[in-house]
Amino acid sequence: MGHPGIAATVATVAAVLALAAAPVAGKTLRWTSQGDILTFDPMAQNESLNNTFSDYVYEGLVRYNKQFVPEPALATSWTRLDASTWRFALRRNVKFHDGAPLTADDVVFSFERILKPASNMKVYAQGVKEVRKVDDYTVDVVTDGPNPVLLRQFVDAKIMNKAWAVKNNVVNPQNYAQKEESFAARNTNGTGPFMLKSREPDVRTVLVANPGWWDRLEGNLTEIVYLPIKADATRAAALVSGEVDLVLDPPTQDIPRLRQNAQVKIVDGSETRIIFLGFDQWRDETPYASVKGKNPFKDKRVRQALYQAIDVEAIKRATMRGLSVTTGSMIAPQVSGYTEDTSRRLPFDSAAARRLLADAGYGDGLEFTLDCPNNRYINDEEICQAIVAMWARIGVRARLNAMPRATYFQKIQKFDTSAYLLGWATATFDALYTLQSLIHSVDPKGGADGNFNLGKYSNPKADELIGRIKTEVDDARRNAMIREVLQIHAADIGHIPLHQQVIPWAMRSNVSAYHRADNRLDARWIRID
Amino acid sequence: MNDELVSMPYAARLRAAWDGDVTWSFRHSPVAIVSAVVMLVCVVAAVFAPWLAPSNPYDLASLNLLDSLSPPLWETGGKAGYLLGTDDQGRDVLSTIMYGARVSLMVGIASVLLAVVVGVGLGLLAGYVGGRTDAAIMRVADVQLSFPAILIALLIDGVARAVLPHESHGELALVVLILAIAASNWVQYARTVRGSTMVEKNKEYVQAARVIGVAPIGIMRRHLLPNVLGPVLVLATINIATAIITEATLSFLGVGVPPTQPSLGTLIRVGNDYLFSGEWWITVFPGAALVIMVLSTNLLGDWLRDALNPKLR
């Protein structure tokens, strides 16, 4: 008869395979939102959905816990050697998805990469002068001065593998605004809990759990499938039919109906994202306007007229169906540095707006193009349409140019716009991140300062204060300066804030997820029962 | 062929046809009468929309966001002045349908006219000249027939969008749409006309014309064209309906006319987002308008085919 030895081996192999296969037979989360991931290069686009997927694949030295306090990730501990030097001890036995071990060289390389010109994530390494290798598992971070929010920044400063980047010629980040393609945009090699398995842009992206991850998931996902669905009704229908398990941005009009459905549950929560309008304030003649020889948006009266012509409460009621918090501030209440008094809006007043416009010399009307995404924020195109109609009532004829997010970001990040709508969530939960990115003058050398200040608003006093906030460690003094910057910006009408997004997540009743105020679907905490 | 009729002047010949069988058939076909009346109402409502519509949906200054999503007048919550309710931006649905039907009809008729001119011209040429010309034209037609019309229209629209600068899309969208639909439809006319031409060109009246030295262009225009137009007329009527549907499909897919100048297809697409949430009127009424328009055109085309075909009488 047969060989008992072989039979035993087969049985053992089968048992081992069964054990190994057990978690694989686990849970797949299929989720959707209206647009696709822009790139998988973790330093090419600072955009929430993109960062969500970077979180799956890559890790930083630290990461957020559920209270948004940074906790050890790739670094196990850190000490401050002096006011501007931090020493990080790296976690040992961490492996990249391709099997290479994590060492200090990778950390030094990643910080060099994040500070390169094409990087869109410099804000997460702002204030970092140098990252030095001490030994294989220790690095020193030297900063310009004391930095009270360094750990918060480092959550989104992802660590890549140096050898992999060199081999695949991706030492430089992908230049997204210049429509560059790169190996790192479609392939990944991180240390994170999930690995990219396949990607069809705009159709389907599949990630599988990383069996060699150093930590354990609190949830039970083994696979994540992302399926972008642009059409509102289709997205809602996909959830109801069970084709997807979770919708990150359920259409506002469908939420009441989804709440009635026993198979679906809604997790309410607001996002730190502020939706606002920006205007070209730097060119002498703005490209997409009827006025030649001068730039109407340089005149504060024009910006104020456009501001006071907008009835945000009507947008909240009709377009957002109550799912927004109108605000006059560029930061949300959840963000450190927020004060109630800086969030008061100028009143909605068409008559005053018309007077301001006449004073500025545009009593006969003004024409320009408003650039707007149509698959990025909740009801983005509808909001733009409503604003264009409100402006029409004061004699401003704005042409709406709505486009998908991929083309939209490429256009506006080249400053190729006269007026635009943007949303900004404070990823670090600290006001500096927003002040530096949106309000600080644009750094001509392409640094982190003003890298999303796409109309190039500029006020020297605000710049000076933001510079001081970066290194101020006293909370009271720091918050006072944040408040002052917000007041200066509001008085200048640097941007027109509209509202804070309230963003309920809708999911099948067997899914439990932890709602994060930065609207990132954190895969660590998702359970499917 | 009736020699007497052929020798009559063009206008008189038209009148003779009008006084004859066709009108009789029309008067005795209730379906034709009803669909003609419905069609007429649609056309009048569309053409005179600026004067007849309760409001001008293109005038942004007149919109009030707080009036948005109000249901039709007879439903609870309906607002006076908005018979069929309002859409998500506070536009009156009835007015948008009237303005939208204008765009749909214009695209439908213009693209069919263009397709008829191109198709009949090429068909006559192919049928009369024959040989290599015929082979060349018909092979192009064969290749094109192997693709669905909507695919060709999508292709042309996509290429035009990629080639033209982004800023001009709004202004040129209608022209591109008309060209795309016409380009996907000319083949049918060319084939029909070529067939009839090949039959007619060997008849005595054509040979007589040739003998007395009429130039080929003259023969095609004066002698062949009037005799091959019958089937084209039927085809064109039915194709207006198809063209309207094609336009609606392209606009529904989001590649047709821009949302600032919505056609019926655009209205249906926008309204579709609100269908599940209970705001059915935004999409159902434009949909119904489209169905009514297309159905009446089709019925009229059907009747015309029967009326013009002696074998069916």
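Numbered from 1 within each chain, the chains take letters A, B, ... in sequence-line order. Atom set for the values below is all heavy atoms of this structure, side chains included, hydrogens, waters and symmetry mates excluded. Just so we're clear, the structure is a prediction, and the values are computed from it rather than from any experiment.
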Test your reading of the model: is there a side-chain donor-acceptor pair from D36(A) to the backbone of D202(A), 3.5 Å cut-off?
yes
Heavy-atom cut-off 4.5 Å, strictly under: side chain, backbone, both or neither for A314(A) against chain B?
both
Would you please name every residue forming a salt bridge (charged side-chain N to carboxylate O under 4.0 Å, His left out) with D273(B), sequence neighbours left out?
none
Among R393(A), R235(A), E382(A), single out the residue with the greatest number of heavy-atom pairs under 4.5 Å to chain B.
R393(A)
Option that, when pairs with chain B are counted at under 4.5 Å, heavy atom only, ranks first among R257(A), Q253(A), R317(A), R397(A):
Q253(A)
Decide if the gap between the ring center of W280(B) and the ring center of Y274(B) is smaller than 6.0 angstrom.
no
For K292(A), does the NZ atom have more than 12 heavy-atom neighbours from other residues, nucleotides or ligands under 6.0 Å away?
yes
Any sub-3.5 Å donor-acceptor pair from N64(B)'s side-chain atoms to G90(B)'s backbone N or O?
no
Heavy-atom proximity to chain B below 4.5 Å, by part of I255(A):
neither
For L65(B), is it the side chain, the backbone, both or neither that has a heavy atom under 4.5 Å from a heavy atom of chain A?
both
